[in-house]
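Residues: numbered from 1 along the sequence shown.
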Amino acid sequence: MAERPEDLNLPNAVITRIIKEALPDGVNISKEARSAISRAASVFVLYATSCANNFAMKGKRKTLNASDVLSAMEEMEFQRFIAPLKEALEAYRREQKGKKEASEQKKKDKDKKTDSEEQDKSRDEDNDEDEERLEEEEQNEEEEVDN
């Protein structure tokens with residue numbers, strides 16, 4: 001837990017970026033207003049987290065999950081946020097699934113390459129052994145001819 005109230009504030013850079021994206025071009029915001037929005041956002045996040053934690057505790061869990069957050073939004077009477085949050089959650093899950101599949105494919109490709117390299121190495125070793133055996137046989141034949 002944070003020891004000071006200032007520790008609970010969201011980073012100013014993040015707040016500034018969000019504000020700039022939300023406002024039309026040419027609209028400025030005072031430092032005081034930016035600070036007020038930052039504090040309000042921090043309070044909102046803390047309240048939403050607390051509500052979501054209550055749902056996790058009811059489920060006898062220590063980990064908050066997406067359904068806890070969605071339930072918290074409903075309990076806090078922010079129903080209009082639920083649909084956009086669900087859409088963002090689905091987009092996030094698709095993105096993670098795509099990353100996971102890409103990672104698995106990359107691993108499979110690497111394993112195939114490693115297997116191929118091992119087969120090539122094994123073939124090269126077999127060829128080296130065959131060459132050594134042929135050389136020994138030739139030397140033995142030469143020695144026999146000399147005797």
[atom1]-[atom2] distance between [X] and [Y], expressed to the nearest 0.5 angstrom:
| X | Y | atom1 | atom2 | value |
| --- | --- | --- | --- | --- |
| E101 | Q105 | CD | CD | 9.5 Å |
| S38 | I19 | OG | CD1 | 8.0 Å |
| M76 | S71 | CE | OG | 12.0 Å |
| N53 | T63 | CG | OG1 | 10.0 Å |
| L89 | N65 | CG | CG | 9.5 Å |
| R93 | K86 | CZ | NZ | 10.5 Å |

Cluster partners of I18, using ILVMFWY side-chain heavy atoms under 4.5 angstrom, listed by chain and number? V14

Scan residues 27-52 for pairs that pass salt bridge (charged side-chain N to carboxylate O under 4.0 Å, His left out), counting only residues two or more places apart or in two chains. none

Scan for salt bridge (charged side-chain N to carboxylate O under 4.0 Å, His left out) pairs involving residues 63-76, sequence neighbours excluded, and state none if there are none. R61-D68

Any ring pair (Phe, Tyr, Trp, His ring centres under 6.0 Å) involving residues 23-70? Give me the pairs, sequence neighbours left out, ordered by first then second residue. F44-F78

With sequence neighbours left out, write down each residue that passes salt bridge (charged side-chain N to carboxylate O under 4.0 Å, His left out) with K58, or none if nothing qualifies. none

For K99, all residues meeting salt bridge (charged side-chain N to carboxylate O under 4.0 Å, His left out), sequence neighbours excluded: E95

Taking it one step at a time, do E90 and R94 satisfy side-chain contact (heavy atoms from CB on, under 4.5 Å)? CA-CA 6 Å; E90 287 304 313; R94 282 192 302 272; 3.7 Å; yes

If you group Ile, Leu, Val, Met, Phe, Trp and Tyr by side-chain heavy-atom gaps below 4.5 Å, do Y92 and L85 land in one group? no

I'd like to know if V45 and L64 are part of one continuous hydrophobic network [Ile/Leu/Val/Met/Phe/Trp/Tyr, side-chain heavy atoms within less than 4.5 Å]. no

Ion pair present between E104 and K107, side-chain N to carboxylate O less than 4.0 angstrom? no

E77 atom CD, over 12 foreign heavy atoms within 6.0 Å: no

I need the minimum non-hydrogen distance between A48 and A72, along with the two atoms involved. O-CB, 3.9 Å

